[in-house]
Amino acid sequence: MNAAFAPAIKAHIPWAAILGNHDQESTLSRLELMQHISSMENTLSRVYPTNINSSLGGDMTEIDGFGNYHLAVRGAADSRYQNENILNIYLLDSGDYSKDHKIHGYGWIQESQKSWFKELSLKLKDDFSKAHPAQHVSVPSLVYFHIPLLETSYISSWCSIMGAKQEAIGCAQVNSGFLNAMVEVGDPHLVFNGHDHINDFCSELAENIMMCYGGGAGYHAYGKAGWSRRARVVDISLHSIWDEVQKNASASRTHKSEGAVQRREWLEVDQITTWKRLDRPPSFPLIDHEVLWSRIPVPSNGRNYCWNATLVTIVGAYSLICIIYCFWRKHPRLLRIQPLQRHHLHVYNVYKPFGYRMFKFQASP
């Protein structure tokens with residue numbers, strides 16, 4: 001475990017982690033794992049979320065799971081949003097396996113986690129609106145948890161997805177209601193899951209809610225021959241404007257014009273993009289560059305036309321039946337069924353209600 005985080009620690013990069021469903025299968029419990037992770041150098045990880053009511057202080061130890069917490073990304077220094085959250089990151093423990101003996105399979109996000117997420121999200125949204133009442137700024141959220149939602153299983157290869165879907169979705173059998181919670185909050189949410197090693201696609205779960213798989217990165221678990229290990233990168237860029245200020249004002253990234261100095265001010269999140277880097281030397285290529293969210297809406301690449309495979313199959317079968325029927329009506333002799341005798345069954349053309357040819361089967365005496 002220490003080796004997994006060693007590169008970030010060596011590079012002095014702040015980092016955060018959550019648990020998967022296999023991590024407790026060695027000598028440490030899930031609680032002990034998160035306690036160790038949250039004590040490591042440069043980590044932002046937490047065992048429990050901080051109390052939403054700041055006046056109470058302390059941690060919310062009553063929340064199910066270990067590793068539920070929120071990270072706030074503030075605006076750039078010397079900008080109007082320097083003291084405001086312009087990006088929210090939520091990390092949740094999706095558990096390992098069902099604790100209900102009547103329900104088999106993987107774990108899911110519990111009601112206490114969903115309530116914490118929704119209450120905190122609405123509070124942060126309200127705080128931002130009060131601080132900037134005249135501005136209509138969307139504050140996007142990145143949401144990380146290991147086991148995908150049940151709704152992810154509705155995504156099929158018929159959908160317009162970016163990436164590969166090569167195995168069944170390993171979700172719980174229970175609908176946690178977490179997708180509805182994100183919809184009710186209203187802000188854009190980008191969900192990132194792991195769990196399925198050879199799925200690495202992104203797709204739309206609901207309006208303003210995207211999901212992406214991280215892709216299989218490690219070599220200690222199953223993969224697919226000829227399919228390179230990969231890691232997903234998420235890039236957040238900020239919107240900016242140029243302001244004219246006095247010549248004696250201090251500003252970074254400035255250029256002079258007549259009578260004034262212009263300063264570039266960084267504002268809210270402008271765009272969130274993603275891609276994957278393959279472990280394929282010597283080039284280690286980047287693939288599947290995609291815009292997940294943009295301040296100015298971009299074309300959806302057909303995601304709104306993501307049909308369920310079952311519906312597509314039904315429509316296709318119905319269309320084929322209609323084609324055969326129309327052909328039969330035009331050329332009845334080509335599809336004429338003659339009386340025959342097989343296995344002591346006689347087949348007769350008996351009547352045509354509503355224009356359809358019906359058949360009667362009668363056993364031989």
Salt bridge flag under 4.0 Å for residues Arg263 and Asp78: no

side-chain contact (heavy atoms from CB on, under 4.5 Å) between Val291 and Thr273, worked out: CA-CA 4 Å; Val291 177; Thr273 57; 3.9 Å; yes

Verdict with supporting geometry, Leu19 and Leu33, side-chain contact (heavy atoms from CB on, under 4.5 Å): CA-CA 8 Å; Leu19 298 178; Leu33 281 165; 4.1 Å; yes

Working for side-chain contact (heavy atoms from CB on, under 4.5 Å), residues Ile169 and Tyr213: CA-CA 11 Å; Ile169 307 299; Tyr213 276 104; 3.4 Å; yes

Aromatic contact, His189 with Phe117 (centres under 6.0 Å): yes

Centroid separation Tyr106 to Tyr97 less than 6.0 Å: yes

For Gln166, side-chain contact (heavy atoms from CB on, under 4.5 Å) partners two or more places apart: Ala164, Ile198, Asn199, Lys224, Trp227

side-chain hydrogen bond (donor to acceptor under 3.5 Å, both in side chains) involving Asn88 - partner list, sequence neighbours excluded: His70, Asn85

Stepwise side-chain contact (heavy atoms from CB on, under 4.5 Å) test for Glu151 and Asn175: CA-CA 8 Å; Glu151 289 85 352; Asn175 191 328; 3.2 Å; yes

Side chain to side chain contact (heavy atoms under 4.5 Å, CB included) partner of Met211, the single match among Leu190, Val143, Ile155, Leu149: Ile155

Cys171: disulfide (SG to SG under 2.5 Å) partners, not counting sequence neighbours: none

Any side-chain donor near an acceptor of the partner, Tyr69 and Ser38, under 3.5 Å: no

Ser112 versus Asp64, side-chain donor and acceptor atoms under 3.5 Å: yes

